[in-house]
Each structure stands twice: as structure tokens, then as C-alpha cells.
Amino acid sequence: MAKTIFEKIIDREIAADVVYEDDLCLAFRDINPQAPVHVLLVPKKPLAKLADAQEIDQSLLGHLMLIAPKVAEGQGLEDFRLVVNHGAGAGQTVFHLHLHIFGGRELSWPPG
Ligand code: DGP
């Protein structure tokens with residue numbers, strides 16, 4: 001399988017503005033920000049989407065949820081939104097699981 005753009009970023013084949021990294025995940029600024037802070041948090045394991053995660057991925061998914069607020073805090077955010085676009089019909093364009101972390105402006109609800 002060809003690498004996705006996010007795997008290339010994880011492997012440092014493509015540059016990105018990385019704001020957090022550990023053994024399991026990487027966070028970097030979105031190239032097309034939709035808010036003053038728009039960071040993508042991605043597992044290093046190449047899961048295409050959330051539905052591809054298995055029981056064995058439980059701690060990895062939990063890790064992402066624990067790290068997301070730390071990344072947001074590191075960006076100076078107290079209030080923020082996490083978004084996972086799941087499938088093309090929901091706006092997913094990169095098929096490597098990622099959490100969008102948005103903040104730095106008033107966020108309306110419901111999203112479009
Ligand atoms: P989604 O539509 O949920 O699959 O989100 C994919 C996001 O990835 C989108 O907001 C734009 C961002 N993106 C796409 N290519 C690149 C890239 O090469 N670098 C960075 N930093 N972000 C990218």
C-alpha cells in the first residue's frame with residue numbers, strides 16, 4: 001500500500017510544523033487551518049479510519065484522547081473542539097486516522 005501523506009510526515013519524508021511527538025503519536029499544524037489553532041493528532045500506526053481500530057488498539061485510542069488536551073493546552077487553548085471525519089461522506093480526505101484539534105475562536109454548534 002502506498003504511504004499516505006501523514007505516514008510521510010511521520011517518517012519525515014514531508015515537512016510539517018510538529019508541535020508534539022511521542023512513541024505512539026505525532027501532532028502537527030494543519031496545512032489549511034480552519035481556526036487560529038488547528039492541529040492534527042495522528043497515531044503513528046497507520047489505521048485508515050476509526051472503524052479499522054481493533055481491540056488491540058484500545059490503549060492507543062485512549063492515549064490519543066489523553067494527549068489531545070495536552071496538545072491543546074500547549075497551544076494555549078482552554079476550550080477546543082476535537083473532530084474525527086470518518087469516511088469521504090463525512091469529509092475525510094486523508095485515510096490515516098487523525099483527530100482535528102480546533103480552537104482560538106468561538107466555535108458554533110452544530111458543525112456543518
Ligand atoms: P480530513 O479532511 O479530516 O481527512 O483532514 C485532512 C486534513 O489534512 C485537512 O484539514 C488538510 C490536512 N492536510 C492535508 N495534507 C497535508 C499536508 O501535507 N500537511 C499538513 N500539515 N496538513 C495536511
Side-chain angles (χ1 to χ4, degrees):
M1 275 271 282
K3 282 186 179 181
T4 64
I5 202 111
F6 291 173
E7 279 179 271
K8 290 179 182 173
I9 288 172
I10 291 163
D11 292 343
R12 302 306 204 268
E13 293 169 14
I14 291 179
D17 188 356
V18 172
V19 299
Y20 175 84
E21 180 169 22
D22 63 28
D23 288 350
L24 297 176
C25 64
L26 186 74
F28 53 90
R29 293 188 199 287
D30 195 293
I31 205 168
N32 183 24
Q34 302 300 313
V37 176
H38 185 174
V39 169
L40 302 170
L41 177 60
V42 308
K44 291 184 175 176
K45 180 175 178 176
L47 296 164
K49 49 190 170 59
L50 197 53
D52 295 322
Q54 306 290 317
E55 200 72 28
I56 197 174
D57 300 310
Q58 186 167 328
S59 64
L60 173 60
L61 297 180
H63 183 72
L64 295 174
M65 296 306 279
L66 287 174
I67 291 300
K70 295 191 196 310
V71 170
E73 188 184 0
Q75 296 302 303
L77 299 178
E78 189 177 344
D79 298 336
F80 60 91
R81 181 171 293 163
L82 294 182
V83 171
V84 176
N85 293 325
H86 194 278
Q92 187 175 6
T93 58
V94 179
F95 285 81
H96 182 120
L97 176 63
H98 51 284
L99 278 64
H100 294 260
I101 304 172
F102 294 105
R105 66 168 165 81
E106 205 63 40
L107 296 169
S108 60
W109 190 262

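Computed from heavy atoms alone, side chains included, the values below leave out hydrogens, waters and symmetry copies. Numbers here simply count residues along the sequence, with the first being 1. Counting starts at 1 for both ligands and their atoms, in listed order.
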Any donor-acceptor pair under 3.5 Å from Gln92 side chain to Ala48 backbone: yes
N/O separation below 3.5 Å, His100 to ligand 1: yes
Residue pair Leu64 / Val42: nearest heavy atoms and the distance that separates them: CD2-C, 4.4 Å
Gly103 backbone acceptor or donor facing His38 side chain under 3.5 Å: no
Which segment of Val83 sits under 4.0 Å of ligand 1 when only heavy atoms are counted: neither
Pick from Lys8, His98, Arg29: the one approaching atom 21 (N) of ligand 1 most closely through a non-hydrogen atom: Arg29
Val94-ligand 1 polar pair, N/O distance under 3.5 Å: yes
Nearest heavy-atom neighbours spanning Leu99 and Ala68: CD2-CB, 4.4 Å
His98 vs His100, ring-ring contact (aromatic ring centres under 6.0 Å, His included): CA-CA, chis, key distance, verdict: CA-CA 6 Å; His98 51 284; His100 294 260; 5.1 Å; yes
Salt-bridge present (Lys44, Glu21; N to O < 4.0 Å): yes
Check: Phe6 ring centroid to Phe28 ring centroid under 6.0 Å: yes
Ligand 1 contacted by Ile9 (non-hydrogen, < 4.0 Å): yes
N or O pair under 3.5 Å between Gly91 and ligand 1: yes
Closest non-hydrogen atom pair, Ala88 against Phe95: N-CZ, 3.9 Å
Part of Phe6 within contact of ligand 1 (heavy atoms, under 4.0 Å): side chain
For atom 18 (O) of ligand 1, closest protein heavy-atom neighbour: Ile5 CG1, 3.5 Å
Interfacing atoms of ligand 1 (cut-off 4.0 Å, heavy-atom, Asn85): 1 (P), 2 (O), 3 (O)
Ligand 1 to Asn32 polar contact by distance, N or O atoms, under 3.5 Å: no
Shortest heavy-atom approach to atom 16 (C) of ligand 1 - which of Thr93, Ile14, Val18, Ile31: Ile31
Atom 9 (C) of ligand 1 [closest protein heavy-atom partner, distance rounded to 0.1 Å]: Asp30 OD2, 3.3 Å
